[in-house]
There are 2 protein chains.
Amino acid sequence: MKKETDILDSCDPRQCISMKMLKCNRIISQIFREHLKEFGITNSQLTVLFIASKREYLNQAMLSEMLYLEKSTISRNMKRLFDKEFISREEFPQLKITEKGKEFLRLVIPKWNSAMEEAKAKLKEEGLQSLDSLLYQLEN
Amino acid sequence: MKKETDILDSCDPRQCISMKMLKCNRIISQIFREHLKEFGITNSQLTVLFIASKREYLNQAMLSEMLYLEKSTISRNMKRLFDKEFISREEFPQLKITEKGKEFLRLVIPKWNSAMEEAKAKLKEEGLQSLDSLLYQLEN
DNA sequence: TAATTTAGGTTGTATATACAACTCACATTG
DNA sequence: CAATGTGAGTTGTATATACAACCTAAATTA
């Protein structure tokens, strides 16, 4: 009787790309969360705020495409930014950062910089290049 | 009157490491979600199942440390795996994959392989190396 | 003009995640 | 032995996320 190899034994889940990515993501997120927590803002919210501060015209569909997030996700994240009055939508569907939002960003950026420094120190030059390379491969 | 440079203008949020990582993560997660959805299992759950299939002894604290997840997160994720009867905990706190869990894994692995293939095709050799390099920098 | 399509969002429901506060069982120590 | 501490999990509460189903208004078309 020939014994078949169990697929469970021959499979090497340590190579799982999704798991590796999730782990990287959690380590980096943790650094930013730590630095940002005193301001009661999350990575995701800060990202949107940054984009709104730079873009001339912006709506939720654009954010969704830029960040690879489902439109419902964006909708709920925006709700929190509307509540904080960091973003307004007086001329629907256009999103605009408010003065309050800008002031908040000016306040937070120094801490965002320290989070960036900590992350850079951890990644080193090699890791930074790897991240850029990774994103480049995934987006192209 | 000297005009100070606005920190908002001098800041380049496109370089945000956290945002880049989140984007990479979402793109990869999407690939795996797509391939796995027919089985009603998520990346996170599959990862735990894989680990449980390989480890002699395992408890939630170990999972937490291995995956950089908060213990409460693990607790809730485990709940779903207990409910599906893929993992059991008869000798608390030891976690064991069940026969049902193993059978499920054997069923899913081919699809996991196709997700891996799609991800590899997207990352190419360069992206794969970048991901390994990234995780290495972050874990060491 | 009435019907249909489409762009843009929202809401229901589910999983994933974190932090803080808690429980519970067992070990250590006074 | 009682008090205290510690390891391991759980629960409350909040944000982040996805998918499916829905809504609304504007454009297109029959």
Side-chain angles (χ1 to χ4, degrees), chain A residues 18-19 21-49 57-84 86-95 115, chain B residues 18-19 21-49 57-84 86-95 115:
Chain A
S18 174
M19 185 194 66
M21 201 68 238
L22 282 163
K23 285 170 77 168
C24 288
N25 189 39
R26 286 173 199 136
I27 295 170
I28 290 295
S29 289
Q30 196 155 26
I31 294 173
F32 282 78
R33 236 190 349 264
E34 185 68 27
H35 285 262
L36 297 175
K37 69 177 174 196
E38 64 178 294
F39 298 105
I41 192 105
T42 63
N43 292 351
S44 290
Q45 288 174 30
L46 190 59
T47 297
V48 171
L49 219 46
Y57 179 85
L58 187 67
N59 64 24
Q60 295 188 186
M62 290 166 71
L63 277 174
S64 176
E65 192 178 357
M66 276 187 262
L67 300 174
Y68 308 102
L69 285 171
E70 226 277 334
K71 57 188 179 165
S72 62
T73 300
I74 296 288
S75 176
R76 288 179 165 108
N77 291 356
M78 291 316 300
K79 168 109 179 49
R80 288 178 273 267
L81 289 167
F82 292 150
D83 288 349
K84 287 178 175 161
F86 290 163
I87 303 271
S88 72
R89 188 174 51 179
E90 278 153 35
E91 301 155 67
F92 184 99
Q94 183 174 14
L95 305 170
Chain B
S18 174
M19 184 195 65
M21 197 59 115
L22 282 163
K23 285 170 76 168
C24 289
N25 189 38
R26 287 173 198 136
I27 295 170
I28 291 294
S29 289
Q30 196 155 26
I31 294 173
F32 282 78
R33 238 191 346 265
E34 185 68 28
H35 285 263
L36 297 176
K37 70 178 173 196
E38 64 178 293
F39 298 104
I41 192 106
T42 62
N43 292 351
S44 290
Q45 289 174 28
L46 190 59
T47 297
V48 171
L49 219 45
Y57 179 86
L58 186 68
N59 64 23
Q60 293 189 187
M62 289 166 71
L63 277 174
S64 176
E65 192 178 357
M66 277 187 261
L67 299 173
Y68 309 102
L69 285 171
E70 226 278 334
K71 57 188 178 165
S72 61
T73 300
I74 296 288
S75 175
R76 287 179 165 109
N77 291 357
M78 292 315 300
K79 167 113 179 49
R80 288 177 275 267
L81 289 168
F82 292 149
D83 288 349
K84 288 177 175 162
F86 290 163
I87 303 269
S88 72
R89 189 174 50 182
E90 279 152 35
E91 301 154 66
F92 186 98
Q94 183 174 13
L95 305 170

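By convention in this document, chain letters (A, B, ...) are assigned in the order of the sequence lines, proteins followed by strands, and residues within each chain are numbered from 1.
dA25(D) atom P lies 18 Å from atom CD of E91(A), rounded to whole Å. The separation between K23(B) atom NZ and dA16(D) atom C1' is 17 Å, rounded to whole Å. The CD-C1' distance, from E65(A) to dG8(C), rounds to 13 Å in whole Å. For N25(A) and dA16(D), the CG to C1' distance is 11 Å, given to the nearest whole Å. The distance between atom CD of Q94(B) and atom P of dA8(D), rounded to the nearest whole Å, is 13 Å. A straight line from CG of L63(A) to P of dT10(C) spans 12 Å, rounded to a whole angstrom. Remark: C1' of dT17(C) and CD1 of I28(A) are 17 Å apart, rounded to the nearest angstrom. Going from atom CG of N43(B) over to atom P of dA14(C) covers 20 Å, rounded to whole Å.
For R76(A), counting side-chain heavy atoms from C-beta on, the closest listed nucleotide (dC19(C), dA21(D), dT17(D)) is dT17(D). Distances from the side chain of S72(B) to the nucleotides dT11(D), dT13(C), dA21(C) place dT11(D) closest. For R80(A), taking side-chain heavy atoms from C-beta onward, the closest of the listed nucleotides dT15(D), dA18(D), dT17(C) is dT15(D). Taking only side-chain atoms of Q60(A), from C-beta outward, the nucleotide of dG8(C), dA8(D), dT10(C) with the closest atom is dT10(C). Closest to the side chain of N59(A), from the set dG8(C), dA8(D), dT17(C), is dG8(C). Ranking dA16(D), dT11(D), dA16(C) by closeness to the Q45(B) side chain, first place goes to dA16(C). The S44(B) side chain lies nearest to dT17(C) when the options are dT17(C), dG9(C), dC19(C).
Close to dT15(D), at under 4.0 Å from its OP1 or OP2, lies no side-chain N or O of N77(A). For the pair T73(A) and dA18(D), the criterion of a side-chain N or O lying under 4.0 Å from OP1 or OP2 is met. OP1 or OP2 of dC19(D) sits under 4.0 Å from a side-chain N or O of R33(B). Proximity of R89(B) to the phosphate of dT10(D): a side-chain N or O atom is located under 4.0 Å from OP1 or OP2. Side-chain N/O atoms of S75(B) include one lying less than 4.0 angstrom from OP1 or OP2 on dT10(D).
Put simply, the side chain of L46(B) does not reach to within 4.5 Å of the side chain of M19(A), judged on heavy atoms. For the pair L49(B) and I87(B), the minimum side-chain heavy-atom distance is below 4.5 Å.
With hydrogens and angles ignored, no donor-acceptor pair closer than 3.5 Å exists between the side chain of K71(A) and the base of dG8(C).
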Practice problem: Output, in order, the C-alpha distance, side-chain angles, deciding distance and verdict of side chain to side chain donor-acceptor pair (under 3.5 Å) for S18(B) and N43(A). | Solution: CA-CA 7 Å; S18(B) 174; N43(A) 292 351; 3.0 Å; yes
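At a threshold of 4.0 angstrom between heavy atoms, the contacts of I74(B) with the nucleic acid are absent.
Taking for each of K37(A) and I41(B) the nucleotide of DNA chain C with the nearest heavy atom, the 5'-most of the two is the partner of I41(B). For the pair P93(A) and Y68(B), both in contact range of DNA chain C, the more 5′-proximal nearest nucleotide belongs to P93(A).
Taking CD from Q45(B) and CZ from F86(B), the interatomic distance works out to 8.5 Å, rounded to the nearest 0.5 Å.
Annotation: E90(B), atom CD; neighbour count of heavy atoms from other residues, nucleotides and ligands within 6.0 Å does not exceed 12.
Side-chain N or O atoms of S29(A) include one that pairs as donor or acceptor with a backbone N or O of N25(A) at under 3.5 Å.
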